[in-house]
Structures are given as C-alpha cells and as structure tokens.
4 protein chains.
Amino acid sequence: MNTEHLGSRFQLDLSKPLYEQILYQIRHAVSRKEIALGEKIPSIREMAQQLKVNPNTVMRAYQELERDGLTETRRGQGTFITTSPEKINQVRKILAEDAIRGFIASMKDLGMDQASAKKMLEEVDWS
Amino acid sequence: MNTEHLGSRFQLDLSKPLYEQILYQIRHAVSRKEIALGEKIPSIREMAQQLKVNPNTVMRAYQELERDGLTETRRGQGTFITTSPEKINQVRKILAEDAIRGFIASMKDLGMDQASAKKMLEEVDWS
Amino acid sequence: MNTEHLGSRFQLDLSKPLYEQILYQIRHAVSRKEIALGEKIPSIREMAQQLKVNPNTVMRAYQELERDGLTETRRGQGTFITTSPEKINQVRKILAEDAIRGFIASMKDLGMDQASAKKMLEEVDWS
Amino acid sequence: MNTEHLGSRFQLDLSKPLYEQILYQIRHAVSRKEIALGEKIPSIREMAQQLKVNPNTVMRAYQELERDGLTETRRGQGTFITTSPEKINQVRKILAEDAIRGFIASMKDLGMDQASAKKMLEEVDWS
DNA sequence: GTGGTCTAGACCACA
DNA sequence: GTGGTCTAGACCACT
C-alpha cells in the first residue's frame, strides 16, 4: 500500500490527545493489514504537515509505536513497520481483548448478563 | 437499599478523573437498580468524607447527575434519585448503546466483522 | 527520607540525554531504598527548578517511570513511588541483570573467559 | 586470518549508530586476536558494500581507529592493523577497564556490594 | 534528508 | 497547586 499520504486519511478531533489518535490510527491500520510488514511510514515531518500538527506531537506517537515493537526506526532513513508478523498479531490481540474486556465490564456494570448483551449486539447493523 | 454508606462501596482509581468515576458508579448503580427510585443519596459532604475526596470533586459529579435528570435536589433535604422510571430506563439505554457503539467501532477498526466479534465474545467467561 | 531536595543531589552531564539521567538517578535511588515506598517525589516544576532544566524534560522522565510501574501519579496531588515492594524488586532485578549481561558480553567480545573476568574484577577496589 | 570478508561477519543493529558498531566490532576483533598484527583490513568501499552501508559511515569508523593508533593507512595500499603488539594490548586493556569500571558503577548505583555482585556473576552461565 | 533532545511558553483538566 | 498536551523553533547525530 502507498503510505505516502497515509496521514491525509486520518481524521483527528480535538477532544482527545492528538498523539493518541495518531497512535490509534496507525495501530489499527496495521492491524487491518492496510500497511504491509516492513513498509516505511511517512517521516515525522511529512506526517506533521499532512495532519497540520506539530512534529513533536507526531514524534510522541511514533516513539510509542516503537516502544510497543510495532515499528523500527532506522537512523537517517525513517520509520518502518516491523517485519515480524507475530508482533502484529500480538498487538491486534491485545487491542481486541481490551475492547472486549471493556465492553463486558460496561455491560455488567449496567446489570446486563451475557445473553442480553449478545441480543442487543445482534440487533445492531454493523455496515 | 441503605444508601447511607453508598460511597464506601466505591473503588476509586487515582489515575483517572475522580468525578467521572463517581458519576459512573452512581449512574450504573441506579441502572442496576441497586438504588431505588426516589431514594436519598448521601450529601456532598458525607460522600466526600466516605471517599476521602475533596467536596468540590463530589459536587461536580452531583451537578452532572442533576443535569442528566437522574437526581433532584430538594432544598434543605438533600439529593434524591428521580422518581421517574422512564428517566432511569432512558439513562440505562443510553449507557448501553454507548457501550455497544464503542465496542463495534473498536472491532471494526481492527478489521473484525460481526461474526468474529460474536465468536470472541462467546469465548469469554463473564462470571 | 526527605525528598524535597532530591534533585539537588543529582549530577547531570550534557553528553547523555538529560531525561535518561533523571530516570536513571530516580530508578537507582529507589533501588538503593533511599526513597521509601509510597513517598512523594518533587513535583515536575520543583525538580525542573532544582536541576535547572525545562519542566518538559523532567516530565518525560516521570512519564517513563510511571510506564515502568515505579511511580503512580495522583491527579492534582503529585507523583508518588509505588507502594508495591515487588515492583521495586522487579525493577532492581532487571537493572542488575542488564548490567551483568552487558558486562559479560563486553568481556567475551574481548576474548576473556569467566575466570579472567572474575580475577580482574577482584583486583579492583570498590570503595 | 582472511579479512577479505571481515564485514560479512558483523551483525549490525539499525537502532544504534552504525559507525560505533563497526568501530566496536573491529576493536574487539583485534583484541581477541582474530585479526593479526599488520594485517590488511577491507577498504572503505569493500566494507561498505559488505555491510550494505554508506561509505561515509565506514569512513568515520576507520578514522577513529586510526586516531587511536590501532590502524595505519598506507597510501595506495589500504588500511592495515598496527604492527605494534603494545598498542593492541593497550587498547585491550582500556576496553576491559572501561567495561569493569562501568559494571562496578552500575552495581554500586543499585546498592550492591562487591560480594553480591561477585555472587550474581558466578550464577550466570557464560557459554 | 532522517529521527532525537531540549527549551520556552501557552493552555487545559483536576483537586 | 498538580500533571498533561501542544506549539514553535533551535540544535544535534546519523546516513
């Protein structure tokens, strides 16, 4: 996939931290396999320009990606998605489990059981 | 139910906004019908004391509850849960829909479809 | 221990990233048990003033401490050392293992065996 | 030893400065006597090709080797390891002392004494 | 050109 | 008062 204008497809709002949103978008784009393994993502400066955001804000997101092992930075060359498919699956799994755990906690806090939650979920149109 | 020591049953996490947590706990306790319609909840000062929290923090939560119509303040008597069952159901419905909408969005962002999400959800033990 | 002037005891040089040095000093002060469990450490602004460094630089160090689980931040109150002794031991263990692994790798890269390394180490005065 | 494909035996990590790694590898290969006195090492271009690295990066490493007196450049012939065994020993000694000093400092910063460090070191398998 | 560190200073949310 | 986010812009190391 062409990642050159990756940032131009992101939608940012101002109610949540910008760097978290950038992080989220990239993590999920990789999970959805919209970005291939080993692929280069836009440089900090490019991304900052596309998102109309300060480079430091992008850097913060990129550094967290690297801490998670989802990217590797090569000095003087740029930032690249990891080439390890296990790492991607691990991240994807963690994100999915987080979503599920949060959902279950919320529903239980509302006094719903598994059957009711399942029923409500099935009534919703996903498209 | 005896709401006198309501606050003593809440568990607060100091890394998240306290007033949001108080709000969450009360909203969900009402949704779960652990607090009856028209019941009195502890005063701001009592609650603050029980939670070992600044009264301002409790006030902020109580104000939002009142804005939502979930509580009513009767001068000189204290704060009471609304007597309107429709209001409770409405709040409960909104909270459930929020949780569902959030969950679906997260799973879609991970590239999962309804069937996969359903399957993952069924594999988890709710107890 | 009085942590009020904690920062005034740190020595920083400019050849390594400042935030890493702050991180290092605090991590090791905790490992050495010079700071007690649950103790408050100076606020970002205080520490910045003591070290004559920008608050953002201190914050970066503090955030990494929290990610490691060595500290907890309480909103509006400050930053506190974790109350979990296991966490401290875990950090201490990791730091010691890192040092040992690095030392062994260096000595092996120089063609030294365990006996020679041990001998050289014993000849040095630690005081 | 055949140094013609010296570089092909190096493993480089793109997250650390490449020239430092090249420097490290050569210094330690000489210390380990894997490269004999007076032996020729690959030209900058050859080395760069083998490591798939920019020639400037290799040059920087070679310059530092020469500044340390570990190599000599003979115009039109290439770069050669020094013929002085004292020089090699001196370098080896400096590197070993650096490693030891660093290790001791780290352990002391963790509040460990000589006895504990020795014990931990003996528990590790060097093979 | 790339990423990384640091500063100065604004503004916000929370207690 | 506390921590957290963001900006603008400088300077550095590396390729």
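Letters A, B, ... mirror the listed sequences (proteins, then strands); counts begin at 1.
- Summarising the geometry, the separation between CE on C:M59 and P on E:dA13 is reported as 16 Å, rounded to the nearest angstrom.
- With DNA chain E read from its 5' end, the first of the two nearest nucleotides for B:N56 and C:Q21 is the one closest to C:Q21.
- Listed by chain and number, the residues in a side-chain hydrogen bond (donor to acceptor under 3.5 Å, both in side chains) with A:R74 amount to none (sequence neighbours excluded).
- Listed by first then second residue, pairs satisfying ring-ring contact (aromatic ring centres under 6.0 Å, His included) with a partner in residues 26-63 of chain C read C:Y24-C:H28, not counting sequence neighbours.
- Less than 4.0 Å separates DNA chain E from at least one heavy atom of each of the following residues of residues 70-80 of chain C: C:R75, C:G76.
- With sequence neighbours left out, the side chain to side chain contact (heavy atoms under 4.5 Å, CB included) criterion links A:Q25 to A:F10.
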Seminar exercise, completed: Symbol by symbol from the 5' end, with Watson-Crick or G-U pairs under 3.5 Å, [ ] crossing and | another strand, DNA chain E is ||||||||||||||.
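- Of the two residues near DNA chain F, D:K16 and C:S43, the one whose nearest nucleotide lies more 5' is C:S43.
- The residue A:Y19 sits close only to the backbone: its heavy atoms come under 4.0 Å of sugar-phosphate atoms, none of a base.
- Where A:I41 and C:T57 meet DNA chain E, the nucleotide closest to each residue was compared, and A:I41 sits on the side nearer the 5' end.
- In this view, B:R27 and B:D68 satisfy the side-chain hydrogen bond (donor to acceptor under 3.5 Å, both in side chains) rule, not counting sequence neighbours.
- Under the side chain to side chain contact (heavy atoms under 4.5 Å, CB included) criterion, D:N56 pairs with D:N54, D:M59, not counting sequence neighbours.
- From the 5' end on, the contacts that DNA chain F makes with chain C at under 4.0 Å to a non-hydrogen atom open and close at F:dG1 to F:dC6.
- More than 12 heavy atoms of other residues, nucleotides or ligands shown are found within 6.0 angstrom of CD on A:Q77.
- Looking at residues two or more places apart in sequence or on another chain, you find no salt bridge (Lys or Arg N to Asp or Glu O under 4.0 Å) involving A:E72.
- Put simply, the residue from A:T82, A:I81, A:T71 that forms a side chain to side chain contact (heavy atoms under 4.5 Å, CB included) with A:K87 is A:T82.
- C:N54 comes within contact range of at least one nucleobase, with a heavy-atom separation under 4.0 Å.
- Residues that satisfy the salt bridge (Lys or Arg N to Asp or Glu O under 4.0 Å) test with C:E46, not counting sequence neighbours, are absent from this structure.
- Under the side-chain hydrogen bond (donor to acceptor under 3.5 Å, both in side chains) criterion, C:R45 pairs with no residue, sequence neighbours left out.
- Residue order along DNA chain F, read from the 5' end via each residue's closest nucleotide, puts C:E46 first among C:E46 and A:V53.
- Rounded to a whole Å, the CZ atom of C:R45 is 14 Å from the P atom of E:dC12.
- Legend: residues meeting side-chain hydrogen bond (donor to acceptor under 3.5 Å, both in side chains) with B:R60, ordered by chain and number and at least two apart, are B:Y19.
- The distance from atom CG of A:L14 to atom P of E:dA13 is 12 Å, rounded to the nearest whole Å.
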